[in-house]
Amino acid sequence: MVKSKTTLRSFMAGLVTAGVLMASSVQAATLKMATDSGAKGSPAGDTLERWAELIETRSNGEIDVKVFYQNELGSQNEVFDLHVAGDVDVMLNWPMTSYDKRIGVIYTPYMTLSWDEALKAYSPGGWVNNMLGGIYSDLGLKFFGPWPEGFNGVATRGKYATNIAEADGLKVRTMTVFPAPQTMQALGYQTAAIDWGEVYTALQTGVVDGEAGNVIYWDYEYFRDQLDYYVRSKHFFMTGVLSMNAESYEDLSEAHQKVVAEAAKEVMLAQFKAAKSADELYVKKAQEAGMKYVELSDEQIKEFARAARNKVWPLMDEEIGSEIMNNIRANATKL
């Protein structure tokens, strides 16, 4: 009888142990995390590593994060496709409009003209932040928040433009996403929509005279041997987006959802604090490397802004809807 009780207790203990192991295996998760722009060691790459580290640490190792950098899973369009399909769970992305042209709202030219205005608009609770959250949700993506870089400009070789007349004859690379080409055309440039991975070759071979889509970091880091000037035109406030495939998010336990979301918030807020000083640092680095940096006057910015708003915003009414554009008109910086 004693032997029978001992056997029963051993059997029950085994069941409990098996149950615990099964529960642990159910709780464990592996997430693929990627960025479409930024190699290992870049600001975007560093953010991915920090985000992954926070997730793994705060989940006590229950979540394993596999990190993939620029071009490791395909082009900018391809990796965003994977994200929407759920093959990439978590991303720091620069949105593509192949699924929903409303994503182009993030590239509306001249919504804001100063850092204070931009950070207020893009911060949690801000009017741009709220618009992006709704659009991402419709795509089946969980929107955690923006990852701001700053105001962009035009980097060129040989000559540069500070007004629409001077831009005539300069052909620049733009992002393939609407309304990037249309914006640069409104500012007087000729354009070629080229995928990020092909920009260096396009500059090297003279297909284009410059690059017109980024904050100065990217032009300094990747193309400083090809470019002579950087003009801060401020046509877009550049920001990446921290997001997760909604189905992947729902598959996590509530505790793990909280870990991922809170880690995203932490790296987002860190970038809000770091973005302006980082941008200023790369202006200095670019100048030290021999690139001429041009800061436009308020009147020069307003000339560009009026042209872009007059020519591009009506096109955006047609593409993304007047409801969204009327919200932008109500909240954008007054000229």
Side-chain angles (χ1 to χ4, degrees), residues 43 94-95 102-136 143-154 162-163 175 177 179-180 182-184 186-187 212-218 230-242 265 267-283 293-317 320-335:
W94 279 258
R102 293 178 302 160
I103 291 180
V105 70
I106 202 171
Y107 301 118
T108 304
Y110 295 104
M111 287 195 292
T112 59
L113 300 181
S114 73
W115 271 92
D116 288 344
E117 292 169 334
L119 294 181
K120 183 177 180 181
Y122 284 83
S123 293
W127 65 275
V128 176
N129 189 296
N130 290 338
M131 281 196 302
L132 290 172
I135 293 168
Y136 262 63
F143 177 82
F144 292 125
W147 190 82
E149 295 181 285
F151 288 100
N152 69 349
V154 184
T162 61
N163 56 54
M175 297 178 288
V177 63
Q182 293 81 0
T183 295
M184 298 316 299
L187 303 189
N214 288 289
V215 295
I216 197 168
Y217 162 79
W218 298 97
Y230 186 90
V231 178
R232 182 84 70 176
S233 53
K234 292 186 175 181
H235 49 285
F236 301 143
F237 184 76
M238 298 302 293
T239 180
V241 170
L242 302 165
K265 182 177 180 181
V267 298
M268 175 188 69
L269 294 178
Q271 180 65 11
F272 268 92
K273 292 179 181 178
K276 190 171 187 294
S277 59
D279 190 59
E280 292 168 350
L281 171 65
Y282 282 100
V283 168
Y293 173 75
V294 181
E295 187 81 39
L296 297 179
S297 68
D298 288 345
E299 282 307 310
Q300 288 170 322
I301 290 290
K302 286 180 180 179
E303 178 193 354
F304 280 143
R306 291 188 190 99
R309 289 185 180 188
N310 289 339
K311 293 182 178 181
V312 179
W313 285 17
L315 300 177
M316 297 190 73
D317 278 305
I320 69 175
S322 294
E323 182 178 351
I324 289 176
M325 289 308 299
N326 287 339
N327 185 31
I328 290 172
R329 290 184 176 95
N331 288 282
T333 303
K334 306 305 178 188
L335 296 179

With a 4.5 Å limit on heavy-atom distance, are the side chains of E303 and L296 in contact? no

What one should report as the nearest heavy-atom pair of N152 and A212 is ND2-O, 4.5 Å

Closest non-hydrogen atoms of P146 and N129, given as atom of the first, atom of the second and distance, are CD-ND2, 3.4 Å

_Would you say R306 and Y110 are linked by a side-chain donor-acceptor pair, where the criterion is simply a distance under 3.5 Å?_
no

Check: Is a donor on one side and an acceptor on the other found under 3.5 Å between the side chain of S123 and the backbone of G126?
Finding: no

Distance col, row Y122:OH vs N130:CG, nearest 0.5 angstrom, shows 13.0 Å

Next on the checklist: If you define the side chain from C-beta out and look only at heavy atoms, does anything of I324 sit under 4.5 Å from M316?
Outcome noted: no

L187 and A308 have their tightest heavy-atom pair at CD2-CB, 4.2 Å

task = Check whether any side-chain heavy atom of D279 sits under 4.5 Å from a side-chain heavy atom of R232, and report yes or no.
result = yes

Would you call the rings of F151 and F237 parallel, tilted or perpendicular, taking 30° and 60° as the class edges? perpendicular

**Request:** Tell me, with the steps shown, if I328 and W313 meet side-chain contact (heavy atoms from CB on, under 4.5 Å).
**Result:** CA-CA 10 Å; I328 290 172; W313 285 17; 4.1 Å; yes

**Request:** State, with a plain yes or no, whether a side-chain heavy atom of M238 is found less than 4.5 Å away from one of W218.
**Result:** no

Heavy-atom nearest pair, A186 first then V312, reads CB-CG2, 4.0 Å

Between the OG1 atom in T162 and the CZ atom in F304, the distance rounded to the nearest 0.5 Å is 7.0 Å

Are any non-hydrogen side-chain atoms of P124 and K265 less than 4.5 angstrom apart?
no

R309 and M111: CA distance, side-chain angles, deciding distance, side-chain contact (heavy atoms from CB on, under 4.5 Å) verdict:
CA-CA 9 Å; R309 289 185 180 188; M111 287 195 292; over 6 Å; no

- prompt: Would Y293 and Y282 count as a side-chain contact (heavy atoms from CB on, under 4.5 Å) if you check the C-alpha gap in whole Å, the side-chain angles of each, and the deciding distance to 0.1 Å?
  reply: CA-CA 11 Å; Y293 173 75; Y282 282 100; over 6 Å; no

Contact between I106 and V177 at the side-chain level, heavy atoms closer than 4.5 Å - yes or no? no

| Pairwise side-chain contact, M184 with V154, heavy-atom cut-off 4.5 Å (strictly under) | yes

Can you confirm whether W94 sits close enough to W147 that some side-chain heavy atom of one is under 4.5 Å from a side-chain heavy atom of the other?
yes

CG of D317 to CG of N326, rounded to nearest 0.5 Å, is 6.5 Å

Rounded to the nearest 0.5 angstrom, the CG-CZ distance for L119 and F272 is 6.0 Å

Closest non-hydrogen contact found for H235 with S233 is ND1-OG, 2.7 Å

dist Q300:CD -> E295:CD (nearest 0.5 Å) comes out at 10.0 Å

Residues L113 and T333: closest non-hydrogen pair is N-OG1, 3.4 Å

Output for pair (T183 OG1, K311 NZ), nearest 0.5 Å, gives 11.5 Å

